[in-house]
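Below you'll find the structure, written out as C-alpha cells, and then a few comments.
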Amino acid sequence: MTEESIFQLKKIAKRARIAIAGADDAVILEVVEQALAHDFADFLLFGRAELITIKSPHVQVIATKTDQEAAEKATEAVAKKQADILMKGNLPTALILKTILKKEYQLRDKELLSHVAVFEIPAYHKPLIVSDVAMNIAPDEDTQIQITQNAIASAQKLGIIKPKVAVLSAVEKESPKMHSSVQAAQVAAYFKAFASDEAEVEGPLAFDNAISKAAAQHKNIDNNVAGDADILIMPSIEAGNILYKSLVFFAGARVGGFIAGVKVPVIIASRSDSVDNKLASLILTVGMVGK
C-alpha cells in the first residue's frame with residue numbers, strides 16, 4: 001500500500017462548498033460533523049430543517065419539504081456555482097441522477113455518466129480505481145469505452161498521469177464462448193488504435209492477472225498493466241458490485257466514490273458505506289475541485 005494515503009487531507013487552494021441533498025439523516029450529519037472537525041469544507045444542507053441539528057458558521061440549512069425539492073435545490077446550487085460539490089444524502093439515487101441530468105442545469109459534461117470507486121487496499125501497493133460498479137448495468141463496447149475514458153480522466157485528476165487500465169473478464173485470452181473476453185479485447189484494441197498516450201489499456205485480463213505480478217508471470221502475460229493496474233474496468237454491474245463489497249467487507253479497503261461525466265464532482269455513496277468511507281469520498285472530491 002502507498003505510504004501516503006490518497007484520502008489524506010492535503011493543503012487545498014480554497015475551502016470547498018458542498019451541497020447535500022437530503023441531509024436530514026443521522027449518518028450524513030455525522031459525516032458533516034467529522035468534516036467540520038477536519039475544517040476543510042463549508043456545507044449547504046437541504047432537507048427537513050427540524051432534523052438537521054448542526055450549528056456552525058460553516059453550515060447553512062435550507063429547509064425543504066420533499067426529496068424532490070431537496071434534490072432540485074441542491075442541484076441548482078451547484079449549477080449556479082453556489083457550491084462546488086453535490087452529495088446525495090437520504091434520498092433515492094435515481095432521483096438525484098434524474099435531477100442532475102435535467103437540461104436546465106447544464107451539468108452533463110460527457111455523453112455517458114459512470115461511477116468511479118477509488119480504493120485503498122491494505123494488500124495492494126497503490127490506489128485502485130474500479131468502474132463501473134453502480135450505474136451502467138450491462139455495458140456494450142461503446143459504453144465500456146466511455147466508462148474507460150471517464151475513469152482515465154478521473155485518475156489524471158487524482159494525479160495518476162498515465163494510468164494502467166485492465167479491462168476485465170474471467171480469462172486472459174479472447175474466447176468466443178465468453179462475450180466479456182471478446183469485448184474486453186475490442187475495448188483494448190480501440191485505445192491502442194485511437195487513443196493518445198494518456199493511458200495504457202490491456203484486455204482481456206482476469207482479476208488475478210491484473211493485480212498480481214506473480215499470477216501474470218505464471219501465465220506468461222508480459223505487458224505493463226498486468227500485475228500493476230491502476231484501473232479495473234468491470235464487465236458488468238454485478239461483477240463490479242460484488243468486487244466493491246468484497247474489498248470493503250473482506251479486504252478492509254477504504255473507498256471513496258463519485259460520478260464521472262458531469263462538470264462538478266457528484267458523490268453518490270452506497271447506503272452500506274460507513275461514515276469513514278463517506279468522509280473519504282468528500283476528501284477525495286475536495287482534492288479534485290478545480291482540476
Seminar exercise, completed: In terms of heavy-atom contacts, Ile231 and Pro163 come closest through CD1-CB, 3.8 Å
Exercise. When you look at Glu202 and Val167, which way does the side chain to side chain contact (heavy atoms under 4.5 Å, CB included) test go after all the steps?
Worked result: CA-CA 6 Å; Glu202 296 288 347; Val167 189; over 6 Å; no
Exercise. Between Val59 and Leu45, is a side chain to side chain contact (heavy atoms under 4.5 Å, CB included) present by the stated rule, with each step listed?
Worked result: CA-CA 7 Å; Val59 171; Leu45 303 183; 3.6 Å; yes
Seminar exercise, completed: Heavy-atom closest pair (Val264 atom, Val262 atom, distance to 0.1 Å) is O-CG2, 3.0 Å
For this session: Any chance you could measure Phe207, atom CZ, to Leu243, atom CG, to the nearest 0.5 Å?
Result: 5.0 Å
Exercise. Hey, are Ser114 and Asn150 close enough side-chain-wise for a donor-acceptor pair under 3.5 Å?
Worked result: yes
Exercise. Quick one: are Gln149 and Phe191 in side-chain contact, heavy atoms under 4.5 Å?
Worked result: yes
Exercise. Crowded around Ile137 CD1? As in, over 12 foreign heavy atoms under 6.0 Å?
Worked result: no
Problem set entry | Interatomic distance, Ile221 atom CD1 to Leu205 atom CG [nearest 0.5 angstrom] | 5.5 Å
Exercise. From Thr285 OG1 over to Ile18 CD1, what is the distance, rounded to the nearest 0.5 angstrom?
Worked result: 6.0 Å
For this session: Decide yes or no on side-chain hydrogen bond (donor to acceptor under 3.5 Å, both in side chains) for Gln34 and His38, but give the supporting numbers first.
Result: CA-CA 6 Å; Gln34 293 217 14; His38 288 293; 4.8 Å; no
Problem set entry | All pairs passing side chain to side chain donor-acceptor pair (under 3.5 Å) where residues 251-263 contributes a residue, at least two apart | Arg254-Asp276
For this session: Check Leu107 against Ala79 and note the closest heavy-atom contact, atom names and distance.
Result: CD2-CA, 4.1 Å
Problem set entry | Evaluation steps, side chain to side chain contact (heavy atoms under 4.5 Å, CB included), between Lys102 and Glu72 | CA-CA 10 Å; Lys102 288 185 176 180; Glu72 289 186 354; 2.9 Å; yes
For this session: Compare all side-chain heavy atoms of Val225 with those of Val165 and state whether any distance is below 4.5 angstrom.
Result: no
Exercise. Would you say Asn136's side chain and Leu113's backbone share a donor-acceptor pair under 3.5 angstrom?
Worked result: yes
Problem set entry | Residue pair Thr66 / Gln68, side-chain donor-acceptor N/O under 3.5 Å | no
Seminar exercise, completed: Of Asp142, Val201, Ile145, Thr148, the one forming a side chain to side chain contact (heavy atoms under 4.5 Å, CB included) with Tyr190 is Ile145
Problem set entry | Residues Glu120, Lys126: salt bridge by 4.0 Å N-O rule | no
Seminar exercise, completed: So the side chain to side chain donor-acceptor pair (under 3.5 Å) pairs with at least one residue in residues 82-101 (sequence neighbours excluded) are Lys14-Asp84
Exercise. At their closest point, which heavy atom of Ala229 faces which heavy atom of Tyr124, and how far apart are they?
Worked result: O-OH, 2.8 Å
For this session: Just grab all the side chain to side chain donor-acceptor pair (under 3.5 Å) pairs involving residues 49-64, residues at least two apart or on different chains.
Result: Arg15-His58, Arg17-Gln60, Asp42-His58
Problem set entry | Test applied, salt bridge (charged side-chain N to carboxylate O under 4.0 Å, His left out); reference residue, Asp228; option that passes from Lys164, Lys162, Lys213 | Lys164
Exercise. Is a salt bridge present between Glu200 and Lys192, judged by a nitrogen-to-oxygen distance below 4.0 Å?
Worked result: no
Problem set entry | Ser181-Ser169 side chain donor-acceptor pair, cut-off 3.5 Å | no
For this session: State yes or no: are the ring centers of Tyr244 and Phe119 separated by less than 6.0 Å?
Result: yes
Seminar exercise, completed: OG1 (Thr75) and CD1 (Ile100) are apart, to the nearest 0.5 Å, by 7.0 Å
Exercise. Within the side chain of Asp25, is there an N or O that forms a donor-acceptor pair under 3.5 Å with the backbone of Ile28?
Worked result: yes
For this session: Spell out, as yes or no, whether a donor-acceptor pair under 3.5 Å connects the side chain of Asn277 to the backbone of Val255.
Result: yes
Seminar exercise, completed: Looking only at heavy atoms, the pair that brings Ile20 and Ala74 closest together is C-CB, 4.4 Å
Exercise. Checking Ser281 side chain against Gly257 main chain: does a donor-acceptor pair fall under 3.5 Å?
Worked result: yes
Seminar exercise, completed: CG of Leu282 to CZ of Phe258, rounded to nearest 0.5 Å, is 12.5 Å
For this session: Supply the atom-to-atom distance Gln144 CD to Gln183 CD, rounded to the nearest 0.5 angstrom.
Result: 4.5 Å
For this session: Go through the steps for Leu97 and Ile268 under the test side chain to side chain contact (heavy atoms under 4.5 Å, CB included), then give the verdict.
Result: CA-CA 9 Å; Leu97 290 175; Ile268 298 181; 3.4 Å; yes
Problem set entry | Shortest non-hydrogen separation from Ala215 to Asp208 and the atoms involved | CB-O, 3.7 Å
Problem set entry | CG/Asp140: more than 12 non-hydrogen atoms of other groups inside 6.0 Å | yes
